[in-house]
Amino acid sequence: MLAGLRRLEYRGYDSAGIAVVDGGAVDFRKKAGKIANLAADLEANPLPVSSTAIGHTRWATHGPPTDANSHPHVVKRAAVVHNGIIENFAVLRAGLEKEGEQFLSETDSEVAAHLLERELSSGSNLVQAMRDVVSQLEGAFTLVAVDAQDPDRIVAARRNSPLVVGVGDGEYFLASDVAAFIEHTRDAIELGQDQVVELTPEGVHVTGFDGSPAKTRDFHIDWDLAAAEKQGYDWFMRKEIFEQPKAVSDTLLGRLNERGELMLDELHISPEVLRRVNKIVIVACGTAFYAGLVAKYAIEHWTRIPCEVELASEFRYRDPIIDPMTLVVTISQSGETADTLMAIRHAREQQAKVIAICNTNGATIPRESDAVIYTHAGPEIGVASTKGFTTQVVACYLLGLYLAQVRGMKYGDEIGAILTELDAMPAHMQWVLDNRQPVLDLAEELKDAPSVLFLGRHVGYPVALEGALKLKELAYIHAEGFAAGELKHGPIALVSKGLPMFVVVPPPGRDQLRDKVISNIAEVRARGARTIVLAEAGDDDARANADTFLELPKVSTLLQPLVSTVPLQIFACELATLLGHDVDQPRNLAKSVTVE
Ligand code: F6R
């Protein structure tokens, strides 16, 4: 159980707990802080041996991370763990307190434990009790529960929050992510929305909230335990940065048919429908949103279809203009981000077709979309997305090229030439990784900088935003990304003597664009900035304006983000390490944000 929780710790690391069923009672331990605290408590006060257990790692929503607010919540014979937010918990809690129930925590989750215990005490079995409880709840939840008087059964329910079943040899698992049980089995069952699942020694039984027979999908996990381990690296993030050449190469693999045409096997939307599309809206959050911003430049250029990029958390609240001819492309590494999921539902209600770009088989977002293109990055465990980003850019590019192909916007040889360039990217990324020493030196030199700015133009602009986000979330220092041309409209006032400014310079192929960026570097340097210039090897004009010059391989403008992002990832990882921060689990964050 502890090993499984450790593999899920990246999803939330405020507190953790475990409950087991033993001899007609529930016994449990729970502790604020990282799982190490729980492990130490278990070492000092071991739990009894049991074959039925539930556990949880928390990312606090209601109530700070304390022992009492940790899960499981145990009320007499019932123990419950919960992910998500129960939106009507205040009303339910007030009602229960009025009837004499004593609450021990400030969480929304504890109401589920009280409600379940009441149902069990009034004679319902665990499955029926769970159905009755979920019928009273509003919001997003995965609930997993045990009953002290029914020791061979675990029952769970899910709405808008992840849950998968692992099918082992004589053993079954439930988890929000397959990583929790990958050590024991690679066979899994994807559950649908509003389903109740029951595990007993006899097997797995899934029904709808109303008891109706349920549809599920079996799948095999295409990575193994080794992929979910650090393999000698100090951080998952560092390992994942170094995995990028392989992740990009795996994402490109097997995309051509025998006639040399681009094929996207998972794309179950007919070419006729794609030919009718008159607008593309890319919807995502955080780093995935920046991948979408990069993709916009390529998709519009290759397909001539207008493409908007929108933050998922803003999308449905502004009543976007979406119709059956709109193609909505959502990007999500985890496939569980609540904001993105809600955007998908909104888009589908407006009859738009939705394609998900996702890294996680069995996740909710691909299941609720019309089609999916999987990035084959393997598990991303470091909280800050790295290989997620670069493979998302590649998958978006494949989609853009596919749209150009089916709509006749590009000839086969033109598409072939770009695919050949894409195939060369893993080697270029490897070159950047092998030549990282100047970035490591820079991190050492800048570790006391109170603020760092990032500039870019065209596809370099989202790269600048991504560089700033990585630094903020890992090093906790002020960092901002700007469009280089926008600087003179205000932000240049921030420039003072010695301020470190990273500038991403486009390749010389786009002369005007590059010249303009070089002028922008000169402008900030004239005002005292310390310039760190990322530009193609041999770009002497860029070098002449650089206090530090970081060489990039020679690639075309649209593909440059795949190499220019890598030094910025390494910089943030290195700087945060030097500052003594936990790079894989930065403060206040969680990997998979399943609340809106
Ligand atoms: C930043 C980061 C986040 C995620 C965002 C979306 O390093 O990892 O900004 O990109 O939370 O997550 P997914 O892609 O899982 O939807």
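Indexing begins at 1, ligand by ligand and atom by atom, following the structure's order.
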Review point. Are Val383 and ligand 1 in contact, using a heavy-atom cut-off of under 4.0 Å?
Key: yes
Exercise for review: Heavy-atom contacts with Ser332 under 4.0 Å: which atoms of ligand 1 show up? List them by number with element.
Suggested key: 13 (P), 14 (O), 15 (O), 16 (O)
Revision key, fill the gap. In ligand 1, the atoms that come under 4.0 Å of a heavy atom of Glu473 are 1 (C), 7 (O)
Practice item. State, with a plain yes or no, whether a side-chain heavy atom of Arg58 is found less than 4.5 Å away from one of Ser109. Key: no
Review point. Once the angle between the rings of His346 and Phe315 is folded into 0 to 90°, is it parallel (under 30°), tilted (30 to 60°) or perpendicular (over 60°)?
Key: perpendicular
Check your understanding: Once the angle between the rings of His62 and Phe89 is folded into 0 to 90°, is it parallel (under 30°), tilted (30 to 60°) or perpendicular (over 60°)?
Key -> perpendicular
Check your understanding: Looking only at non-hydrogen atoms, which of Cys358, Gly286, Cys285 approaches atom 6 (C) of ligand 1 most closely?
Key -> Cys285
Exercise for review: Return the residue, atom name and 0.1 Å-rounded distance of the protein heavy atom closest to atom 3 (C) of ligand 1.
Suggested key: Thr287 N, 4.0 Å
Practice item. State whether a side-chain donor-acceptor pair under 3.5 Å links His56 with Asn83. Key: yes
Exercise for review: Please check if atom CH2 in Trp59 has more than 12 non-hydrogen atoms from other residues, nucleotides or ligands closer than 6.0 Å.
Suggested key: no
Study note, to complete from the structure: re atom 12 (O) of ligand 1, the protein heavy-atom contact at minimum distance is Thr337 OG1, 3.5 Å
Practice item. Applying side chain to side chain donor-acceptor pair (under 3.5 Å), name anything that partners Lys239, two or more places apart in sequence or on another chain. Key: Glu243
Check your understanding: Got the closest protein heavy atom to atom 14 (O) of ligand 1, with its distance?
Key -> Gln333 N, 2.6 Å
Review point. Does even one non-hydrogen atom of Gly388 get within less than 4.0 Å of ligand 1?
Key: no
Practice item. Out of Ser334, Ala384, Ala288, indicate the one that has the non-hydrogen atom closest to atom 15 (O) of ligand 1. Key: Ser334
Practice item. Indicate the ring-plane relationship of His82 and Phe141, choosing parallel, tilted or perpendicular according to the 30° and 60° boundaries. Key: tilted
**Study point:** Which residues share a side-chain contact (heavy atoms from CB on, under 4.5 Å) with Leu589, sequence neighbours left out
**Key:** Tyr13, Val383, Glu473, Pro586
**Study point:** Glu336 touching ligand 1 at heavy-atom level, < 4.0 angstrom
**Key:** no
Check your understanding: What residue and heavy atom of the protein are closest to atom 11 (O) of ligand 1, and at what distance?
Key -> Val593 CG2, 4.3 Å
